[in-house]
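Quick notes on the structure that follows.
Chain letters run A, B, ... following the sequence lines, proteins first, then strands; residues in each count from 1. None of the values given here were measured: they were computed from a predicted structure.
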Protein chains: 2
Amino acid sequence: MSEAPRKRGRPPSIDSAAAMQAVVELFRAKGFAAVSLDDLSDATGLSRPSLYRSFGDKLSMYMAAMDAFGAQVEQAAVPALLREGDLKTALSEFYDEMLAIYYRDDSIAAGCLVYGTAPGSADLSAVKSRLFASIEQLDDAMRDRIVRSFPDAEEGIINAAAQIASNTLMAFSARAKSGAPKDELSVMGAQSAHAICTLLEDT
Amino acid sequence: MSEAPRKRGRPPSIDSAAAMQAVVELFRAKGFAAVSLDDLSDATGLSRPSLYRSFGDKLSMYMAAMDAFGAQVEQAAVPALLREGDLKTALSEFYDEMLAIYYRDDSIAAGCLVYGTAPGSADLSAVKSRLFASIEQLDDAMRDRIVRSFPDAEEGIINAAAQIASNTLMAFSARAKSGAPKDELSVMGAQSAHAICTLLEDT
DNA sequence: TTATTTATGTACGAAACAGTACAAAATGCA
DNA sequence: TGCATTTTGTACTGTTTCGTACATAAATAA
């Protein structure tokens with residue numbers, strides 16, 4: 001499996017993962033339409049033809065960037081949500097992990113690549129579908145986690161709680177982009193988690 | 001005041017309000033960066049030089065569109081929030097009015113001009129400031145309305161409730177753009193209102 | 001060494017774009 | 001009727017942008 005059959009021609013000299021990370025950060029900061037291929041070329045250090053060969057056209061790059069960003073979220077934040085323990089701390093810690101990503105790029109509050117920039121480009125059907133899938137995935141993850149802590153809650157309440165939990169995260173992206181300080185959102189996340197638990201316990 | 005002193009030169013032949021409405025719809029559907037002046041020219045029926053004279057450059061048009069959109073929200077939805085009665089129905093009806101705007105343009109779910117497209121263009125400082133102001137305004141309106149129904153609630157709870165109420169609306173825009181059906185969001189709004197009231201009553 | 005295969009960047013062409021100069025059109029005023 | 005004033009669209013400039021053709025570079029295979 002890990003055999004390297006030594007390929008034939010000139011070996012690639014580009015760091016594909018690092019380039020993709022630069023692509024993610026650029027789209028995250030400026031959105032889809034405002035980024036030109038020259039911008040991407042500058043940010044990655046790859047020539048425009050190399051970009052095409054590696055990632056296809058601009059839309060493909062954007063979609064790939066969303067995949068990469070999603071993988072980072074999956075790896076960094078989702079484990080906090082799934083950890084054992086009470087729902088309130090799990091949610092709070094999940095939000096904090098997401099905020100660490102949203103505020104990752106020191107100076108600018110880059111926010112969420114998906115929830116922050118995809119809605120503005122949802123006239124492209126591929127983007128719209130991807131956004132829908134991401135939201136659905138988030139709702140499902142929230143619902144599953146809630147059921148785990150409150151197995152006897154009725155379905156309507158569970159759905160409402162899950163959606164509120166999702167909505168909080170989506171709003172975080174907009175708030176981060178607007179320049180809201182990270183600490184403020186962290187408190188907001190804890191309060192939101194508290195409210196969700198109150199709702200679930202109360203019924 | 002309403003005197004028309006009959007101006008001197010050639011009278012304007014353009015309907016400035018209708019043109020602005022077309023500008024709003026275009027930016028709402030495609031975001032800031034993806035719209036070209038030729039698109040705006042086609043949509044409004046105004047020539048490019050006329051657009052410059054009437055509204056300035058593209059960024060000015062976008063800012064003016066956000067003002068116009070905000071005025072529509074102020075006129076159509078905010079009264080529902082401020083109406084007398086219990087908080088739950090006031091919130092639910094406010095959400096429904098906002099959804100009517102978000103889904104206004106029959107075919108496409110245009111969502112919110114501010115929360116849907118501004119985050120993706122927040123690297124422009126003017127847009128970022130405008131987004132921040134809009135969110136702050138929404139939070140304040142929610143807080144005021146909540147205090148009116150729950151004057152004795154403690155401040156921390158009020159803030160949390162207000163932010164949840166705001167977050168719900170912001171998430172609506174993203175969900176609408178993703179293609180979520182309007183009815184689904186209407187139910188979500190009612191459930192969110194219910195949760196907020198539960199939180200306030202419970203403490 | 002020579003041929004083959006793969007990767008890379010320079011350089012090109014076509015299209016889209018923003019912004020403006022300028023002349024024509026439409027009104028009031030004398 | 002002519003003059004001043006304001007609006008309007010055509011036409012033009014320089015720039016940006018996308019996408020690709022093509023020649024060069026770096027490796028393996030024979």
Side-chain angles (χ1 to χ4, degrees), chain A residues 2-23 26-27 29-65 117 120-121 123-127, chain B residues 2-24 26-27 29-66 117 120-121 123-127:
Chain A
S2 62
E3 271 308 283
R6 221 56 190 296
K7 288 223 203 85
R8 197 78 144 64
R10 173 176 177 172
S13 65
I14 62 175
D15 184 341
S16 193
M20 178 49 72
Q21 190 54 37
V23 171
L26 199 54
F27 277 132
K30 302 180 61 168
F32 173 68
V35 172
S36 73
L37 288 183
D38 285 331
D39 292 336
L40 290 165
S41 182
D42 291 347
T44 58
L46 272 62
S47 66
R48 212 139 14 97
S50 289
L51 282 174
Y52 276 97
R53 264 188 303 275
S54 300
F55 308 113
D57 66 4
K58 203 172 96 168
L59 183 56
S60 301
M61 287 185 220
Y62 183 61
M63 301 298 282
T117 72
S121 301
D123 59 314
L124 306 171
S125 64
V127 175
Chain B
S2 62
E3 271 308 283
R6 218 62 189 292
K7 289 222 203 85
R8 199 77 145 62
R10 173 175 178 171
S13 65
I14 62 174
D15 184 341
S16 194
M20 179 47 74
Q21 191 54 37
V23 171
V24 167
L26 199 54
F27 278 131
K30 303 180 60 169
F32 173 68
V35 172
S36 73
L37 288 184
D38 284 331
D39 291 337
L40 290 164
S41 182
D42 290 349
T44 57
L46 273 62
S47 67
R48 216 146 2 110
S50 290
L51 282 174
Y52 277 98
R53 263 188 304 276
S54 300
F55 308 113
D57 66 4
K58 204 173 95 168
L59 183 56
S60 302
M61 288 184 220
Y62 183 60
M63 301 300 281
M66 285 203 278
T117 72
S121 301
D123 59 314
L124 305 171
S125 65
V127 175

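Here the side chain of A/Arg53 is nearest to one of C/dG19, D/dT8, C/dG9, namely C/dG9. Relative to the side chain of B/Arg8, the nucleotides C/dA18, C/dC29, C/dG9 differ in distance, and C/dC29 lies closest. Between C/dT20, D/dC18, C/dA26, one nucleotide has an atom nearer to the side chain of B/Tyr52 than all others, and that is C/dT20. The nucleotide whose nearest atom lies closest to any side-chain atom of B/Pro49 is, among C/dG9, C/dA18, C/dA21, C/dA21.
Computed from coordinates, the A/Lys58 NZ to C/dA16 P distance equals 15 Å when rounded to whole Å. For A/Phe55 and D/dC18, the CZ to P distance is 16 Å, given to the nearest whole Å. Across the protein-nucleic acid pair, A/Asp38 atom CG and D/dT15 atom C1' stand 12 Å apart, rounded to whole Å. Look at CG on A/Leu37: it is 4 Å from P on D/dC18, rounded to the nearest Å. The nearest whole Å value for the distance from the CG atom in A/Leu51 to the C1' atom in C/dG9 is 12 Å. Atoms CG (B/Asp42) and P (C/dA16) sit 12 Å apart, rounded to a whole Å. Rounded to a whole Å, the CG atom of B/Leu40 is 15 Å from the C1' atom of C/dA16.
Where A/Pro11 and A/Ala34 each meet DNA chain D at their nearest nucleotide, the meeting point lying more 5' is that of A/Ala34. Comparing B/Val35 and B/Gly9 along DNA chain C, the residue whose closest nucleotide (by nearest heavy atom) sits nearer the 5' end is B/Val35. Toward the 5' end of DNA chain D, the nearer of the two residues A/Asp39 and A/Arg10, judged by each one's closest nucleotide, is A/Asp39.
Residue B/Leu46 is out of contact with every strand shown, counting any heavy-atom pair closer than 4.0 Å. Across all strands, A/Pro12 comes closer than 4.0 Å only to sugar-phosphate atoms, never to a base (heavy-atom distances). Across all strands, A/Ser47 comes closer than 4.0 Å to base atoms (heavy-atom distances).
Within the 4.0 Å cut-off from OP1 or OP2 of C/dA16, not a single side-chain nitrogen or oxygen of B/Ser36 is found. Remark: B/Ser13 is in phosphate contact with D/dT8, judged by side-chain N or O atoms under 4.0 Å from OP1 or OP2.
Residues A/Leu37 and A/Met61 meet the side-chain proximity criterion, which asks for heavy atoms closer than 4.5 Å.
Judged by distance alone, the side chains of B/Tyr62 and B/Ser121 never bring a donor and an acceptor atom under 3.5 Å apart.
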Task: Criterion side chain to side chain contact (heavy atoms under 4.5 Å, CB included) on A/Val127 and A/Leu59, from CA distance to verdict - done: CA-CA 9 Å; A/Val127 175; A/Leu59 183 56; 4.0 Å; yes
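If you check distances only, the side chain of B/Arg48 never reaches the base of D/dG9 with a donor-acceptor pair under 3.5 Å.
Contact record, B/Gly31 with B/Val35: O-CG2, 3.1 Å, taken as the closest heavy-atom pair.
The side-chain contact (heavy atoms from CB on, under 4.5 Å) test applied to A/Ser41 returns A/Leu51, not counting sequence neighbours.
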